[in-house]
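Computed from a prediction, not measured in an experiment: that's the story for all the values here. Just so we're on the same page: letters track the sequence lines, and every chain starts at 1.
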Amino acid sequence: MQSYYVTTPIYYVNDEPHLGHMYTTIAADVLARYQRLSGKDVFFLTGVDEHGQKVQQAAEKRGIAPIELADQVVERYQSLWPELEISNDDFIRTSSPRHKAGVQAMWRRLENAGTIYKGFYEDWYCVPCEAYWTETQLKDADCLASDGLETNCLESKLCPDCKRAVEKIQEESYFFRLSAFQDRLIEHIKANPDFIAPASRRNEVLSFIESGLRDLSISRTTFSWGVPVPGDEKHVIYVWIDALTNYLSALGFPDSDQPAHWPADVHLIGKDILRFHAVYWPAMLMAAELPLPKRIYAHGWWTVEGEKMSKSRGNALRPAELLAQYDADVLRYFLLREVPFGQDGDFSFSALKQRYNSELANDVGNLLNRSLAMLNKYRDGLLGAVAEENEIDRALIADAQAMQREVADYMDKQSFHLVLERINAVVRHGNRYVEDNAPWVLAKQGDDARLDTVLYHLIEMLRLVALQLLPFMPEKMAAMLEQIMNRSVTVENCSFATDGGWGVLAAGHQCRKPEPLFPRMD
RNA sequence: GGCGCUUUAGCUCAGUUGGUUAGAGCAACGGAAUCAUAAUCCGUGUGUCCGGGGUUCGAGUCCCUGAAGCGCCA
């Protein structure tokens, strides 16, 4: 069976789950569910990043151990995912023994490959961002001083990114010879156009690498909450070496030298962590002589009602509040439909309502409802035999089948909004088909043969639509399929191979009475 | 400051290697129909394709230049 491995980033436990985390995880879930339906051996991984100075300090502030803090936040993620119907196959915690073993094994591999050396590190460090800044970087960045005067970040000693205080650090450190991989990285990215998506991010990464890579400081001695360097335990392994290795440690690395499912088919990430995934991670893997992931996809950010989400504004959407108001399925649909994956987007309640009413309630929901209503009204819910297919019928079938193929292509490219747009086009075709055939006229005329044919095509088309939408809206589409199939439908008992063909429903099949799937929102 | 991207209908955007009357969805307006969650279907756009210059028989599509917005890097 063909493997399919999809990951989300591991989310940092210093942060509560918010819309951004939901978004990435839902996208990964849709891919995982789609590939399972396609018959692939799917492994879908998410998890949490627990280490680092920021977590250690936050825990100290509250007078608890870092692991206690982590436990609390991990719980928030682990309880949220089922509510959003996230079907991850594993959940990796960086504090777990299996992960630490993986990280230390990775370290040794890098060491054995001669890509690690000990040196001396002096730089400015921003604790909240876990970012290191050079003097030049600080000097060139504008920071507003507390008296309101313009100044640079070196003078004000502020982080150019978050504008919070940076501290000067000077420490013994191990370094990774990132610079040695510059040419190979460029070569790989150029030889594999799909490696980094979207294309704009690929260009950014290329120009970043081409501008010259510095060796990377990969150990710290200033805090202890992390994975110790093997053989030199006063050093803690840099959080990104630690975090990135989760994609392998969850697969059992290093116990299995060639972990099943590796390489990943796609790492979904936010655009903020592109460099770590598209530069550091591939370089590490090259050094460790492991295959590179096939694809890294950096998606965009959400604003809320046109405003940037931030803690200070207090406008971050709380998952619990959203779920109290909307079905998980509706949120999943909206997030992936509203904005092309890779671009920034705006979450607004009016846009959500509009999409819902027009695409889910009026188009799909009502088409299902009117089709089943007619089937029940005219034929007691029984599907009849297809008499003779005409041009109009064949066009509908062809469209549904083309839709299946095109959805597969779009899925391979993570073009979720195009997938949904394409499915919606078939739904519109279905509504047009109803008008063109006017089943109520056929019923009045007593043209049973034609009426049966029309209703059959409608129901069969709806079944294929529901199947394609199943990864996006698992509960709603299971309910839709149950109305059509008249039996309980779960993701486990469906597949494109057995259910994806036209004509699976037999004459004489009994459908249920319609129940509104997507009631209109006021 | 360097590199790159974007600028097309009221809104969000498609527009392949330059080629006949520039498209979609939503919104708006008019009509049809009544199976349906008053949902659906049909019809309706004289758009300076950001401005200016150029290449070409021909440019939204290529080149130069200007403006605005954005991203990455320094």
Atom [atom1], compared across [N] and [M]: separation rounded to whole Å:
N: G10(B); M: G66(B); atom1: P; answer: 29 Å
N: A59(B); M: U21(B); atom1: P; answer: 12 Å
N: G58(B); M: G18(B); atom1: P; answer: 15 Å
N: G2(B); M: G19(B); atom1: C1'; answer: 38 Å
N: G52(B); M: G47(B); atom1: P; answer: 16 Å
N: A14(B); M: C50(B); atom1: P; answer: 13 Å
N: U61(B); M: U17(B); atom1: P; answer: 13 Å
N: G15(B); M: C73(B); atom1: C1'; answer: 32 Å

Give a yes or no on whether the ring-centroid distance for [X] and [Y] is below 6.0 angstrom.
X: Tyr34(A); Y: Phe496(A); result: yes
X: Trp502(A); Y: His457(A); result: yes
X: His188(A); Y: Phe195(A); result: yes
X: Phe472(A); Y: Tyr333(A); result: no
X: Tyr174(A); Y: Tyr117(A); result: no

Item to check | RNA chain B: 5'-proximal contact among Asp436(A) and Val205(A) (nearest heavy atom) | outcome: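 Whichever sits nearer the 5' end wins; that is Asp436(A).
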
Item to check | Earlier contact from the 5' end, RNA chain B, for Gln354(A) and Lys271(A) | outcome: Gln354(A)

Rounded to the nearest angstrom, tell me the gap between atom [atom1] in [X] and atom [atom2] in [N].
X: Asp272(A); N: C70(B); atom1: CG; atom2: P; result: 19 Å
X: Asp363(A); N: C41(B); atom1: CG; atom2: C1'; result: 12 Å
X: Leu420(A); N: A24(B); atom1: CG; atom2: C1'; result: 16 Å
X: Phe276(A); N: C72(B); atom1: CZ; atom2: P; result: 13 Å
X: Arg201(A); N: C3(B); atom1: CZ; atom2: C1'; result: 15 Å
X: Glu359(A); N: A27(B); atom1: CD; atom2: C1'; result: 14 Å
X: Glu421(A); N: C26(B); atom1: CD; atom2: P; result: 10 Å
X: Leu458(A); N: A39(B); atom1: CG; atom2: P; result: 20 Å

Output one line per pair: protein atom, nucleotide atom from nucleotides 30-38 of chain B, and distance, for all N/O pairs under 3.5 Å.
{"from": "C35(B)", "atom 1": "O4'", "to": "Tyr378(A)", "atom 2": "OH", "distance (Å)": "3.4"}
{"from": "C35(B)", "atom 1": "O2", "to": "Arg370(A)", "atom 2": "NE", "distance (Å)": "3.1"}
{"from": "C35(B)", "atom 1": "N3", "to": "Arg370(A)", "atom 2": "NE", "distance (Å)": "3.4"}
{"from": "C35(B)", "atom 1": "N3", "to": "Arg370(A)", "atom 2": "NH2", "distance (Å)": "2.6"}
{"from": "C35(B)", "atom 1": "N4", "to": "Arg370(A)", "atom 2": "NH2", "distance (Å)": "3.0"}
{"from": "A36(B)", "atom 1": "O3'", "to": "Asn369(A)", "atom 2": "ND2", "distance (Å)": "3.0"}
{"from": "A36(B)", "atom 1": "O2'", "to": "Asn366(A)", "atom 2": "OD1", "distance (Å)": "2.6"}
{"from": "A36(B)", "atom 1": "O2'", "to": "Asn369(A)", "atom 2": "ND2", "distance (Å)": "2.9"}
{"from": "A36(B)", "atom 1": "N1", "to": "Arg370(A)", "atom 2": "NH2", "distance (Å)": "3.4"}
{"from": "A36(B)", "atom 1": "N3", "to": "Asn366(A)", "atom 2": "ND2", "distance (Å)": "3.0"}
{"from": "A36(B)", "atom 1": "N3", "to": "Arg370(A)", "atom 2": "NE", "distance (Å)": "3.3"}
{"from": "U37(B)", "atom 1": "O2", "to": "Phe518(A)", "atom 2": "O", "distance (Å)": "3.2"}
{"from": "U37(B)", "atom 1": "O2", "to": "Arg520(A)", "atom 2": "N", "distance (Å)": "3.2"}
{"from": "U37(B)", "atom 1": "N3", "to": "Phe518(A)", "atom 2": "O", "distance (Å)": "2.8"}
{"from": "U37(B)", "atom 1": "O4", "to": "Gly365(A)", "atom 2": "O", "distance (Å)": "3.1"}
{"from": "U37(B)", "atom 1": "O4", "to": "Leu517(A)", "atom 2": "N", "distance (Å)": "3.3"}
{"from": "U37(B)", "atom 1": "O4", "to": "Phe518(A)", "atom 2": "N", "distance (Å)": "3.3"}

Can you confirm whether the side chains of [X] and [Y] place a donor and an acceptor under 3.5 Å from each other?
X: Asp448(A); Y: Tyr378(A); value: no
X: Asn192(A); Y: Arg295(A); value: no
X: Thr25(A); Y: Thr8(A); value: no

Where does the angle between the aromatic ring planes of [X] and [Y] fall among parallel (under 30°), tilted (30 to 60°) and perpendicular (over 60°)?
X: Tyr326(A); Y: Phe349(A); value: parallel
X: Trp240(A); Y: His277(A); value: perpendicular
X: His299(A); Y: Tyr23(A); value: perpendicular
X: Phe347(A); Y: Phe334(A); value: perpendicular

Next on the checklist: Across nucleotides 4-14 of chain B, 5' to 3', mark each nucleotide with B, S or - according to how protein heavy atoms within less than 4.0 Å reach it.
Outcome noted: -----------

Item to check | Nucleic acid contacts of residues 379-396 of chain A, taken as heavy-atom distances under 4.0 Å to RNA chain B | outcome: none

Next on the checklist: In this structure, which stretches of RNA chain B are paired as stems of three or more consecutive Watson-Crick or G-U pairs, both distances less than 3.5 Å?
Outcome noted: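 The stems are B:1-7 with B:67-73, B:10-13 with B:23-26, B:28-32 with B:40-44, B:50-54 with B:62-66.
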
Next on the checklist: With a cut-off of less than 4.0 Å, is there a side-chain N or O of Arg428(A) near OP1 or OP2 of A24(B)?
Outcome noted: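 For Arg428(A), the contact criterion (side-chain N or O under 4.0 Å from OP1 or OP2 of A24(B)) is not met.
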
Checklist entry - Reckon Asn424(A) touches a base, only the sugar-phosphate, or nothing at all at heavy-atom distances under 4.0 Å? => result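 No contact at all - Asn424(A) keeps every heavy atom at 4.0 Å or more from the nucleic acid.
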
Next on the checklist: According to side chain to side chain donor-acceptor pair (under 3.5 Å), who are the partners of Lys444(A), at least two apart in sequence or on a separate chain?
Outcome noted: none

Next on the checklist: Considering only residues two or more places apart or on different chains, which pairs with a residue in residues 465-483 of chain A satisfy side-chain hydrogen bond (donor to acceptor under 3.5 Å, both in side chains)?
Outcome noted: Asp327(A)-Lys476(A)

Checklist entry - Which of these, Leu31(A), Leu37(A), Val419(A), sits in a side chain to side chain contact (heavy atoms under 4.5 Å, CB included) with Pro471(A)? => result Leu37(A)

